[in-house]
2 protein chains.
Amino acid sequence: MAPDIEEIARRRGFFFRSSEIYGGMSGFYDYGPLGTLMKRKWEGLWKGFFLGLDENFYEIETADIMPEPVFVASGHVQSFVDPVVKCRKCGFAERADHILEDVLEEKFEGLSPQQLDEIIKKHNLKCPKCGGTLHEVGILNMMFPINVGVDKPAKAYLRPETAQGVYVNFPRAFEVMRKKLPLGMAIIGKAYRNEISPRNLLIRMREFTQAELQIFFNPKKIVKHSKFGEVKDYPLRIYSEEKKIRFTQEMPCSLVVEDQNLPEFYVYHMAKIQQFYLDILKIDPKKFRFRELSEEERAFYNKYHWDVELELSDGFREVGGIHYRTDHDLAGHQKVSKQDMSVFADGEKFVPHVLELSFGVDRNVFALMELSLKKDGERTIFSFPRLVSPYDVAVFPLVSKDKLPERSRKVFEMLKKNFVVFYDESGSIGRRYARQDEAGTPFCVTVDHQTLDDNTVTVRDRDTTKQARIAVDELAEKIAGMFSL
Amino acid sequence: MAPDIEEIARRRGFFFRSSEIYGGMSGFYDYGPLGTLMKRKWEGLWKGFFLGLDENFYEIETADIMPEPVFVASGHVQSFVDPVVKCRKCGFAERADHILEDVLEEKFEGLSPQQLDEIIKKHNLKCPKCGGTLHEVGILNMMFPINVGVDKPAKAYLRPETAQGVYVNFPRAFEVMRKKLPLGMAIIGKAYRNEISPRNLLIRMREFTQAELQIFFNPKKIVKHSKFGEVKDYPLRIYSEEKKIRFTQEMPCSLVVEDQNLPEFYVYHMAKIQQFYLDILKIDPKKFRFRELSEEERAFYNKYHWDVELELSDGFREVGGIHYRTDHDLAGHQKVSKQDMSVFADGEKFVPHVLELSFGVDRNVFALMELSLKKDGERTIFSFPRLVSPYDVAVFPLVSKDKLPERSRKVFEMLKKNFVVFYDESGSIGRRYARQDEAGTPFCVTVDHQTLDDNTVTVRDRDTTKQARIAVDELAEKIAGMFSL
């Protein structure tokens, strides 16, 4: 974790502990004005890019609270559990695999409670808080239960992933829209997990925003994708301990299909995800990779599972994933709900399979902040990619007199039509530039006395700090041009 | 309720019962593709309009789950209760005031359990389900409790209104932004209430979306608003049984200030709300009114409370409200959290007061659907205001041959840059028009054989069904022009 990021995030109103006047609760964060602007921009870019992949992809919005049978069918009631160990002396509770990781500095994700117990005994581990003896490893369901209604309350849960909202609606959506596969449905919304040990700011939260696209398709067609030709030479950045690829390699998509034994339909979407990160979000390619999950790490129903990882200050971190969930979910819902989830398409009847593109919005916003934070002497700069900076432009009068504020407001009003603009006239011009550097605003427009003469303003570039004089009449167009670079 | 609306909403994928393959739960609805597009448009218009009122107004995003002390301070733990009555025989539970309303056809909101009990006894009311005797009226808190964490679980609730998310963040936001009043903070997000009897589709839900703007200001300045001059002659549509205004009257804002004894700061925002409904959403003025709530109806902390009401098929319905909450919330949080909520502004130290502009997004979407649903012989049309229709334009090839689909796709791709566009080539052209009428799409563009000759297309207007030939080169501009009418 970059050491300053929490402090700057709080001070500038990107994010901070939720309900902080009450001390907050672990794993809950609120977004202030700057963080909210940035999150909305990320969400807008995500929607534009991924829903734009196919004219049969749509956004939907479903309830956060869902009845218990949904999660019986999905397997969450039985399997969405963490191995937890409690201290006999002080009552401290923690994930058993995390205690092991902290002490033994190895990864223990995916082991059974029994296996974890054996390792704890073998190394004679004690409570990290008080040194007390530990109970045996138990399991704990991570969903938040909710009782709905009064009469005979119905058992329900806050959804632990947005995905189930899409799956239960599949039959209706298939009927309503084109009765055509592939059909894609996306939700950008909250998910809730009662994590035992939330950590690392926005990386592991108890309430968080997911952006997930579920693509339903005919499993027989997974080996081909009609647009695969467009990406066949595109170099995918992949890493897989499983496959002994221990350094990130760039491998053309066509080779990934052949060598990694992955189907075109899967690899095409990997390429699109990578393009989103490199071309839209302008992530340095060296900081991006797909990592294949080992069999222990991945959910049993995921036939293929590669995570999208970005390299932050403490190593590569998962910010998304691409999951081939097969018919696990629809078949599960078919069994429990007794509703037919099959479709008639391509001349046959079958239960569609699902490819899930899943992203943690908070993690992505956080990763962009970490990757963009720069120090330059006294200057603190968020050198955000231009399309995700909270504000596009700031407008200042050089001084708060001589009619410069009035003139600045006109420029502000004009730019507001096309950009997200911040107006500021308080403090010295140097201080205002510094404030916008910390907010990550790419361009600052200053109205000065020369403006009154020749109707030009200065435009300062955040990254170079260079200023150029531009005519007000051409300002909107010139700035738009700089955004499209 | 318009009788067909639920059926059409389900069939066309606007909204339907959540988790419907499991029978759903009362008070929970999901939005399909069309409903989601429409909701997003409404939210976008709301944000653009209300955040545009002042450069010191911002959007923030806060957690849905908040710790108990928040709701001790706000009064929800103690007072956010419904009077509930249960049948001794069959266990059926219902709001006591609703049982009375159904039988006696009067309004009983705001009465105490004791008062409701007396009326029940006086009229010797029985269980509406089985005729059994009723228990005494009890009270039931409507918040959903949540236990957070494992070690020593913290008591928390799903927020019953977005407002508290803003209030607890006020000191930070004031510090972070301009340290200037008025300061506005908006949240568009979910709120959750365990209603005893959710009803009327999207009108009374257990999980719903609010769009709320909290404006913090100096209470001494409530009598003036710097832009009041702009609205002083604007005729407000008001209705108040309290004030014996028993038919909706149009009254210029300046007169509302004088006669109704409402401060300028309040009335200015009433005018802006009405302009949002009439000018942006194009609601027929006759269907719009502000209704003053009686003292029994309004929360004790609301000094002024007028609801925004739209006239639907079963009468005027609340879709929003404007609440002068005084310092109730900030003072409450100051007391419980022991954090200073006061500010130094205008040369003095004080706890700001709050004006809340509150809207139910689902209710608004639903109201627009109800107000727009038309039958014309066999035709079913949603004549949505243009800015909120799910799709702006649909593009069809007249027939699926002769290269018309290829040409149509080019038109589709071109229009996609500026509009939300639906492409359709299945079924007869008449059937495709009918489908778009039901989706409320204002314009249908058809590519036919003449297009191949002279590069013109037909544009059909949903409301008049008239068609005009327009050159493809001018299409985007012409359609944009029609949207700005």
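Every chain is numbered from 1 and lettered A, B, ... according to where its sequence line falls, protein lines coming before strand lines.
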Between B:Ile196 and B:Glu94, is there a side-chain heavy-atom distance shorter than 4.5 Å?
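Yes, close enough: below the 4.5 Å cut-off.
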With the side chain counted from C-beta on, respond yes when A:Val395 and A:Asp424 share a heavy-atom pair under 4.5 Å apart, and no when they do not.
no
Is chain B contacted by the side chain of [X], its backbone, both, or neither, given a heavy-atom distance below 4.5 Å?
| X | value |
| --- | --- |
| A:Glu55 | side chain |
| A:Lys179 | neither |
| A:Met185 | neither |
| A:Asn56 | neither |
| A:Lys86 | side chain |
| A:Val421 | neither |
| A:Thr209 | side chain |
| A:Met142 | neither |
| A:Met25 | side chain |
| A:Ser18 | side chain |
| A:Ile21 | both |
| A:Phe15 | neither |
| A:Ala156 | side chain |
| A:Arg409 | side chain |

Give the member of [options] that has the highest number of heavy-atom pairs under 4.5 Å with chain A.
| options | value |
| --- | --- |
| B:Ala93, B:Gly48, B:Ser337 | B:Ser337 |
| B:Lys39, B:Arg10, B:Glu61 | B:Glu61 |
| B:Leu34, B:Ile60, B:Val336, B:Val168 | B:Ile60 |
| B:Cys87, B:Ala63, B:Ala173, B:Ala154 | B:Ala63 |
| B:Met66, B:Met205, B:Lys190 | B:Lys190 |

Charged N to carboxylate O under 4.0 angstrom, [X] versus [Y]?
| X | Y | result |
| --- | --- | --- |
| A:Arg12 | A:Glu7 | no |
| A:Arg95 | A:Asp82 | yes |
| A:Arg40 | A:Glu43 | yes |
| A:Glu438 | A:Arg11 | yes |

Contact part of [X] toward chain A, heavy-atom cut-off under 4.5 Å: side chain, backbone, both or neither?
| X | value |
| --- | --- |
| B:Gln339 | side chain |
| B:Ile65 | both |
| B:Tyr31 | both |
| B:Leu37 | neither |
| B:Pro171 | side chain |

Euclidean distance, [Y] [atom2] relative to [X] [atom1], rounded to 0.5 Å:
| X | Y | atom1 | atom2 | answer |
| --- | --- | --- | --- | --- |
| B:Gln164 | B:Gln214 | CD | CD | 8.5 Å |
| A:Arg178 | B:Tyr423 | CZ | OH | 9.0 Å |
| B:Ser408 | B:Leu415 | OG | CG | 11.0 Å |

Tell me whether the rings of A:Tyr167 and A:His333 are parallel (<30°), tilted (30 to 60°) or perpendicular (>60°).
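Geometry flag for A:His333 against A:Tyr167: tilted rings.
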Aromatic centroids of A:Phe144 and A:Tyr192 separated by under 6.0 Å:
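Ring centres of A:Phe144 and A:Tyr192 not closer than 6.0 Å.
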I'd like to verify something: which residue of A:Phe422, A:Phe208, A:Phe412, A:Tyr29 has the highest number of heavy-atom pairs under 4.5 Å with chain B?
A:Phe422
Between the side chain of B:Arg432 and the main-chain N/O of B:Phe396, is any donor-acceptor distance below 3.5 Å?
no
Does anything in residues 13-27 of chain A form a salt bridge (charged side-chain N to carboxylate O under 4.0 Å, His left out)? List the pairs, not counting sequence neighbours.
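Checked against salt bridge (charged side-chain N to carboxylate O under 4.0 Å, His left out) - neighbours excluded - the pairs reaching residues 13-27 of chain A are A:Glu20-B:Arg172.
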With A:Asn141, which residues qualify under side chain to side chain donor-acceptor pair (under 3.5 Å), at least two apart?
none
What's the verdict on side-chain contact (heavy atoms from CB on, under 4.5 Å) for B:Lys180 and B:Leu183, showing C-alpha distance, side-chain angles and the deciding distance?
CA-CA 6 Å; B:Lys180 217 176 73 180; B:Leu183 165 63; over 6 Å; no
